[in-house]
Number of protein chains: 2
Amino acid sequence: MDQAKIFNAFMIHKGLKTTNQRKAILNSFLHSRSHCSTEDLYLKLRKKHPKIGYATVHRTLKLLVECGIAIEQNFGDGHARFEPLRADSHHDHLVCQQCGLIIEFEEPQIEELQNQVAAAYQFTIRNHRHELYGLCFRCARK
Amino acid sequence: MDQAKIFNAFMIHKGLKTTNQRKAILNSFLHSRSHCSTEDLYLKLRKKHPKIGYATVHRTLKLLVECGIAIEQNFGDGHARFEPLRADSHHDHLVCQQCGLIIEFEEPQIEELQNQVAAAYQFTIRNHRHELYGLCFRCARK
DNA sequence: AAAGAAATTGAAAATCGATTTCAAAGAATA
DNA sequence: TATTCTTTGAAATCGATTTTCAATTTCTTT
């Protein structure tokens, strides 16, 4: 089942309507670079749909999070960012504080150690965030 | 060198003045439970110093971060939190989404794996955040 | 101790991103 | 088509943070 279908099914389930704006926003989101902010997506959409409103983009992104197509991230610059959520793989992030580059990484051993830590405190993990901030290869040379 | 001295040295270095308010805020901060918000500290201080302003607490906390006595954290509830920074030890957090309990943990193996990940991407880590969100022991039972 | 120069204070206002309101427009159903 | 309900976009609101500014305090120099 692709994301458009997941979205449709969710909309029907909630008694909501699949409008042209929502379709355009979903489509644009899926074809954007990852980790885009509401503003990024809004500006991009304006080019093809000059009358679309910021509020609609915002509301639709929230819907995408609600139905599991997107995940909301925050890397400390005061702008919520959204990225497509793939069911199969989890990853964390390296964030360059100079140029804003975001690198995704996966490290199953860290996940395993995390689980051990949580178990030691009898803590039930629902989700986590793990971000390494610093300088990417390029910026470190300058 | 204790924190009051670090603070004094920093203030002199920057040409700033060590006022009674700043001393009171530093002192109250150091004797507060960890992870207090600006508001927490402001309300606590009001009891002994009824005329102190929120803005002053805010500005002083920023100074404490700047001179390395405090670190700013954000656990996603919309309130920045501050905790005393000890030079010797680093820790990460488990955050209960039900009752707000914050548990600190240290796991050197995770730190080591982090360094390996960064090295693989030729990335220079300046700092990181690693938080596990979910339910604490008590809340999971309910 | 008093005066002058400069920084600090607290109340209120401004800011910033996120969110909500509301009247008009649009979709779905009968 | 009429009715009902949802959605839209502009503007208003929200809540935390940050800044402004006139009055006060601190620090230095007499």
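Every chain is numbered from 1, with letters handed out A, B, ... down the list of sequences. This structure is a prediction, so every number in the text was calculated from the model and none was measured.
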Among residues at least two apart in sequence or on other chains, which ones pass ring pair (Phe, Tyr, Trp, His ring centres under 6.0 Å) with His91(A)? His93(A)

In the single-linkage hydrophobic clustering (I, L, V, M, F, W, Y; side-chain heavy atoms under 4.5 Å), do [X] and [Y] co-cluster?
X	Y	answer
Tyr121(B)	Tyr133(A)	no
Leu64(B)	Phe10(B)	yes
Ile71(A)	Leu41(A)	no
Val117(A)	Ile125(A)	yes

When you measure from every atom of DNA chain C, which of [range] have a heavy atom less than 4.0 Å away?
range	result
residues 54-84 of chain A	Tyr54(A), Ala55(A), His58(A), Arg59(A), Lys62(A), Gly78(A), His79(A), Ala80(A)
residues 18-42 of chain A	none
residues 10-17 of chain B	Leu16(B), Lys17(B)

DNA chain D: first to last nucleotide in contact with chain B (atom under 4.0 angstrom from a heavy atom), 5' to 3', is dA16(D) to dC27(D)

Report the distance from atom CD of Glu111(B) to atom CD of Glu106(B), rounding to the nearest 0.5 Å. 8.0 Å

To the nearest 0.5 Å, atom CD of Gln21(A) lies from atom CG of Leu26(A) at 13.5 Å

Centroid-centroid under 6.0 Å between His90(A) and His128(A) rings: yes

Within the side chain of Asp40(A), is there an N or O that forms a donor-acceptor pair under 3.5 Å with the backbone of Ser37(A)? yes

Would one find more than 12 heavy atoms of other residues, nucleotides or ligands at under 6.0 Å from atom CZ of Arg138(A)? no

Taking side chain to side chain donor-acceptor pair (under 3.5 Å) as the criterion, tell me which of Arg81(B), Arg129(B), His79(B), Glu83(B) meets it with Gln73(B). Glu83(B)

Could you tabulate the donor-acceptor pairs under 3.5 Å formed by side-chain atoms of residues 51-59 of chain B, not counting sequence neighbours?
residue	atom	partner	partner atom	Å
Arg59(B)	NE	Ala55(B)	O	3.4

